[in-house]
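Excluded from the calculations below are hydrogen atoms, water molecules and symmetry mates; all remaining heavy atoms, backbone and side chain alike, are included.
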Amino acid sequence: MKTAGIYIHIPFCATKCNYCDFYSITDSESLIPRFIKAICKEIEQCSTDTSKWKFDTIFIGGGTPSLIKAREIEKILLSIDNKFSLSDIKELTLEANPGEISINKLNGLKMLGINRLSIGVQSMQKKLLKFLTRPHSQKDVYKVFDSARSSGFENINCDLIYSIPGQTKKMWMDDLETIIKLGPDHISAYTLTVEKGTDLFKMVKNKMVIMPSENQTGNWFIDTHELLQFNGYSPYEISNFSKPGLQCMHNLHYWETDPYISFGPSAHSFDGSKRWNNVRSLNHYLESIESCKTPISKIEKLSGKDKINEYIGFGLRMNKGINQKKIPETYRLEFQNNLIQIRKKYTDCFLKNDASVSLSKKGMLYSDYIIPDLLL
C-alpha cells in the first residue's frame with residue numbers, strides 16, 4: 001500500500017494579499033453553504049482508483065479555511081470518511097490566519113480530530129504587515145498561538161516571509177527570535193517571490209517597488225538556516241524546519257512524489273502516472289459539480305522521463321536528497337553525467353556518498369539554478 005494525502009482547497013479570504021497567487025476570492029462568503037455541498041459531492045463522486053493507497057494525511061488549505069465554521073469542516077470530513085475512511089489519518093492540518101479564528105472555533109476543530117494548525121504569521125512588523133496587505137497585528141499572533149495551545153494543539157506551524165521590500169536584517173532576525181521564543185513545533189520560512197498575476201508583480205513591473213538583491217536574500221537564507229538549526233529546528237527542506245519528528249507529513253508526500261488527491265477549485269492531484277487540476281474559478285467549479293460534470297480542467301500524463309525529473313526536482317529540495325539507485329539504469333548515466341558537469345559549475349554545493357545526492361546549504365541557496373540544469 002502506498003501512503004497518500006488528501007488536500008482540500010477552501011478559496012474564501014477576508015482580504016486578498018498582494019503577493020499571493022493561490023486561488024482565492026473575497027466578499028463571497030454567501031457562497032460558502034453552496035460550496036460545502038459541492039465539495040462534499042465532488043468527494044463522494046470521486047472515481048480515482050485509490051484501492052492501493054493508504055491515506056494518512058489531510059491538509060485543509062486555501063484561501064483561509066479558518067473562515068469556515070467547524071460544523072462545515074465536519075461535513076467535509078464526514079464525506080472523506082464515507083468515501084475513503086479516516087481510520088489511518090495521522091496528521092490533519094488546517095491553515096489559520098491570526099485575528100480570524102476564536103478559541104471556541106479552535107476547540108471545535110480540535111474535537112473534530114484536527115491535530116495540526118498552520119498559522120499564517122508572515123511578519124511581526126506592523127510596517128511589513130501593511131506592505132503585505134495582512135490585516136492582523138503582532139498581538140493577534142500571540143493570541144491565536146496561545147489559544148491554539150490552550151485548545152490542545154501540540155503540533156503548530158508558523159509561516160514567515162523574508163526578503164520583503166523595506167525589511168532590514170534586524171527586523172528579520174527579531175521576527176525569527178520572537179517566533180522561536182513562542183515555541184512552535186514547525187517553522188516555514190519563505191523568501192517573498194514575485195508571482196505573475198499578483199498585485200506585487202504589477203508593482204515591481206511598474207517600478208513602484210524594488211525587491212531586495214539576490215545577494216542579500218542569499219545571506220539571509222544562510223543566516224535563517226543557521227539560527228533555526230541552532231535553536232533546535234532542523235531544516236528538512238529548503239524552506240521548512242521542525243523539531244525532531246514533527247516534519248509536515250503531508251508536504252513530504254509532495255516532495256517524495258507520493259500520490260495525493262485534492263478537492264475544490266484549482267486543486268491539483270497526482271496518482272503516480274498523471275497530474276490533473278480543477279478549474280480555477282469558484283463559479284465554474286460550482287456549476288460543474290451541480291450539473292454532474294467534472295470540474296477537472298487539465299490532465300497531464302507523465303512519461304518515464306517526466307517521473308524521474310520530478311523525483312530529482314522535488315527530492316533535491318529535501319535535506320536527505322535523492323537515492324541514485326531509484327533512477328532507472330536507462331536514465332542513471334545521463335543523470336550522473338549531468339551531475340559531473342553541474343558540480344564543476346557549482347562548487348561546494350553538493351553532499352554525495354555512494355548512493356545519495358543532496359544539496360549543501362550553499363547548494364540549496366542556488367537550487368533554482370542547479371535543479372533545472374540537472375534534469376534529464
Side-chain donor-acceptor pair under 3.5 Å between Lys126 and Ser137, yes or no?
-> no

Report, as yes or no, whether the 6.0 Å neighbourhood of atom CD on Glu154 holds more than 12 heavy atoms from other residues, nucleotides or ligands.
-> no

Does Arg149 come within less than 4.0 Å of Asp185, counting only side-chain N to carboxylate O?
-> yes

Under 3.5 Å, side-chain donor or acceptor atoms of residues 92-100 against the rest of the protein: list the pairs with distances, not counting sequence neighbours.
residue: Thr93; atom: OG1; partner: Arg116; partner atom: NH1; Å: 3.4
residue: Glu95; atom: OE1; partner: Gly62; partner atom: N; Å: 3.1
residue: Asn97; atom: OD1; partner: Arg134; partner atom: NH2; Å: 3.0
residue: Asn97; atom: ND2; partner: Thr64; partner atom: OG1; Å: 3.3

Are more than 12 heavy atoms from other residues, nucleotides or ligands located less than 6.0 Å from atom CG of Asp368?
-> no

Do NZ/NE/NH1/NH2 and the carboxylate oxygens of Lys274 and Asp271 come within less than 4.0 Å?
-> yes

To the nearest 0.5 angstrom, please state how far the NZ atom of Lys293 sits from the OG atom of Ser288.
-> 7.5 Å

Sidechain N-carboxylate O distance under 4.0 Å for Glu237, Arg317 = yes

Quick check: are there more than 12 heavy atoms from other residues, nucleotides or ligands sitting under 6.0 Å from NZ of Lys130?
-> no

Basic-acidic side-chain contact under 4.0 Å: Glu290, Arg34 | yes

Under 3.5 Å, is there a donor-acceptor pair between the Gln324 and Gln336 side chains?
-> yes

Ignoring hydrogens and angles, state whether a donor on the side chain of Ser163 or Thr191 is under 3.5 Å from an acceptor on the partner side chain.
-> no

Check against ring-ring contact (aromatic ring centres under 6.0 Å, His included), Tyr254 and Tyr260 | CA-CA 8 Å; Tyr254 299 149; Tyr260 58 92; 4.7 Å; yes

Residues 263-270 side chain polar contacts: donor-acceptor under 3.5 Å, at least two apart:
residue: His268; atom: ND1; partner: Ser266; partner atom: O; Å: 2.8
residue: Ser269; atom: OG; partner: Ser262; partner atom: N; Å: 2.9

Pairwise distance OG1(Thr26) to CD(Glu29) - rounded to 0.5 angstrom = 9.5 Å

Gln229 versus Phe241: any side-chain heavy-atom pair under 4.5 Å?
-> no

Side chain to side chain, Cys349 and Ile370, heavy atoms closer than 4.5 Å | yes

Centroid separation Phe35 to Phe12 less than 6.0 Å = yes

Residues Asp348 and Lys362: closest non-hydrogen pair is O-CB, 3.9 Å

Is it the case that more than 12 heavy atoms not belonging to Glu300 sit under 6.0 Å from its CD atom?
-> yes

Does Lys169 use its side chain to pair, donor to acceptor, with the backbone of Trp220 at less than 3.5 Å?
-> no

Flag for Asp56-His253: side-chain donor and acceptor within less than 3.5 Å | yes

Under 4.0 Å between a Lys/Arg side-chain N and an Asp/Glu carboxylate O for Lys37 and Glu72?
-> no

Please walk me through it: do Trp172 and Tyr162 pass ring-ring contact (aromatic ring centres under 6.0 Å, His included)?
-> CA-CA 7 Å; Trp172 175 233; Tyr162 63 103; 4.7 Å; yes

Could you check Leu132, Ile210, Leu192 and say which one makes a side chain to side chain contact (heavy atoms under 4.5 Å, CB included) with Pro165?
-> Leu192

Any luck finding a side-chain donor-acceptor pair between Asp175 and Gln125 under 3.5 Å?
-> yes

Are Glu42 and Lys83 close enough for a salt bridge, meaning some N to O gap below 4.0 Å?
-> no

Would you confirm whether the ring centroid of Phe230 sits within less than 6.0 angstrom of the ring centroid of His225?
-> no

Who are the side chain to side chain contact (heavy atoms under 4.5 Å, CB included) partners of Thr294, not counting sequence neighbours?
-> Ile296

Classify the ring geometry between His250 and Tyr7 as parallel (under 30°), tilted (30 to 60°) or perpendicular (over 60°).
-> tilted

Hey, is Lys345 close enough to Asp373 for a salt bridge, meaning N to O under 4.0 Å?
-> yes

Taking C-beta and beyond as the side chain, do Ile25 and Ser28 meet within less than 4.5 Å on heavy atoms?
-> yes

